[in-house]
Amino acid sequence: MKIGIFDSGLGGLFLMRAIADAMPMYDYVYLGDTKNLPYGNRSRDAVYDLTENAADYLFKNDCGLVILACNTASALALRKLQHEYLPVNYPDRKVLGVLIPMAEAAVERRPSIVGVLGTRGTVESGVFIEEIRKLDSQIEVIQNAAPLLVPLIENDGLEWADPILHAYLAPLKDVDSLILGCTHYSIIKGLIEKFIDEDISVVCQTDVVPQKLEEYLKRHPEIDEKLDRKSNREFLVTDITKNFKELASEWFGDGIELELVTY
Ligand code: DGL
């Protein structure tokens with residue numbers, strides 16, 4: 001069986017690369033729902049339906065474990081998938097998100113105040129606040145939605161990012177840890193760090209999730225022993241354009257072949 005990595009688009013390729021670099025032996029299948037992106041401004045029901053369809057496709061295609069690299073899907077769809085969809089459809093498979101590992105990493109740094117930058121869907125869900133408070137009820141969490149960042153990153157628009165980042169990060173200037181709660185923000189971690197105090201520790205999914213996944217697989221040998229170890233990689237998308245092909249090469253590396261799928 002394979003490890004499935006799902007994102008609304010191609011930003012999750014950064015996490016796929018970090019995970020595959022940390023654990024190169026497994027077989028991975030990436031699925032980017034490029035036809036329906038962005039998810040960040042959609043309703044809970046819409047994000048759930050799109051994520052369930054994608055997870056269903058990955059499980060039908062021999063994934064033993066699916067990771068929702070998309071923070072918006074992790075925030076709005078993960079719990080229902082785990083509690084309602086999986087027990088009925090694939091009781092022996094697993095679906096994991098990226099919010100809990102990042103909340104854990106932020107809390108491990110013993111902050112008084114944690115900041116969260118994310119899409120509207122992720123911020124409005126309040127899931128980061130809930131997960132951080134489960135770990136330490138005394139921590140204050142300040143969130144800000146940054147809806148303009150994903151389009152800027154995807155459209156080569158970073159030359160216009162400075163005033164936008166300045167405005168999005170201003171309410172988060174007093175935090176101790178800052179969670180970058182979106183697939184795309186790991187790409188601009190260095191740029192974000194220029195706008196915040198150097199004492200703020202930045203929590204980014206590409207730095208955190210691979211190690212947390214490795215630990216998870218050690219704790220769950222019943223999953224780990226089902227995973228194939230032939231180092232195969234597949235890159236599936238629901239729509240292909242010239243821009244998607246260029247972004248995939250830029251973000252994952254030349255030679256990446258996107259395969260169009262429908263489900
Ligand atoms: N993948 C999404 C996330 O991490 C960002 C892009 C989108 O809005 O679809 O929240």
Side-chain angles (χ1 to χ4, degrees), residues 4-19 30-55 58 66-79 81 95-103 105-106 115-129 131 143-158 161 164-165 168 178-189 192 202-210 235-239 241 243-244 247-248 250-252:
I5 298 185
F6 171 67
D7 184 33
S8 55
L10 298 171
L13 284 171
F14 285 93
L15 184 61
M16 161 109 171
R17 198 172 62 188
I19 291 175
Y30 182 87
L31 174 59
D33 189 10
T34 44
K35 190 173 176 180
N36 295 300
L37 105 140
Y39 282 16
N41 297 321
R42 290 185 187 275
S43 67
R44 176 182 293 276
D45 286 350
V47 171
Y48 179 78
D49 289 346
L50 292 167
T51 307
E52 188 194 284
N53 288 344
L58 286 168
V66 169
I67 296 153
L68 304 183
C70 179
N71 289 244
T72 310
S74 297
L76 298 178
L78 178 68
R79 289 177 183 171
L81 283 175
V95 57
L96 303 174
V98 290
L99 271 52
I100 293 175
M102 283 202 281
V116 176
L117 197 66
T119 63
R120 281 206 182 100
T122 299
V123 165
E124 285 169 12
S125 75
V127 173
F128 268 121
I129 302 181
E131 295 300 344
Q143 304 192 98
N144 204 13
L148 293 178
L149 289 184
V150 169
L152 277 184
I153 294 166
E154 293 204 333
N155 294 288
D156 218 0
L158 287 178
I164 293 170
L165 276 173
Y168 284 149
L178 176 63
I179 294 178
L180 304 187
C182 174
T183 43
H184 290 58
Y185 303 167
S186 48
I187 308 162
I188 55 163
K189 185 181 171 204
I192 288 174
V202 175
V203 178
C204 172
Q205 66 189 70
T206 47
D207 295 337
V208 167
V209 173
F235 301 93
L236 315 179
V237 285
T238 51
D239 191 21
T241 63
N243 188 40
F244 290 147
L247 287 177
E250 193 185 320
W251 291 351
F252 196 84

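Note that ligands are numbered from 1 as they come in the structure, with each ligand's atoms numbered from 1 the same way.
Among protein heavy atoms, the minimum distance from atom 8 (O) of ligand 1 is reached at G40 N, 2.8 Å. Scanning the protein for heavy atoms near atom 1 (N) of ligand 1, the closest one is D7 OD1, 2.8 Å. Among protein heavy atoms, the minimum distance from atom 5 (C) of ligand 1 is reached at C182 SG, 3.5 Å. At the top of the distance list for atom 10 (O) of ligand 1, counting protein heavy atoms only, stands T72 OG1, 2.5 Å.
Applying side chain to side chain donor-acceptor pair (under 3.5 Å) to Y39 and the options T51, D33, T119 leaves one that passes, D33. Between L99 and the options L68, L78, N71, a side chain to side chain contact (heavy atoms under 4.5 Å, CB included) holds for only N71.
Checking side-chain atoms of S125 against main-chain N and O of L76 turns up no donor-acceptor pair under 3.5 Å.
Between F128 and M102 there is a side-chain heavy-atom pair separated by less than 4.5 Å. Counting only heavy atoms from C-beta outward, the side chains of F244 and V237 never approach each other to under 4.5 Å.
Proximity of T119 to ligand 1, defined as any heavy-atom pair under 4.0 Å, is confined to the side chain (atoms from C-beta onward).
Of the N or O atoms in T122, none lie within a sub-3.5 Å distance of an N or O in ligand 1. Looking at H184 next to ligand 1, no N or O pair under 3.5 Å apart turns up. At a 3.5 angstrom cut-off on N or O pairs, V150 does not count as close to ligand 1.
More than 12 heavy atoms of other shown residues, nucleotides or ligands fall within 6.0 angstrom of atom CG in N53.
The shortest heavy-atom distance from G11 to ligand 1 is not under 4.0 Å.
Aromatic rings from F235 and F252 are positioned such that their centres are separated by under 6.0 Å.
Taking every non-hydrogen atom of S8 and a distance limit under 4.0 Å, the qualifying atoms of ligand 1 come out as 1 (N), 2 (C), 6 (C), 7 (C), 9 (O).
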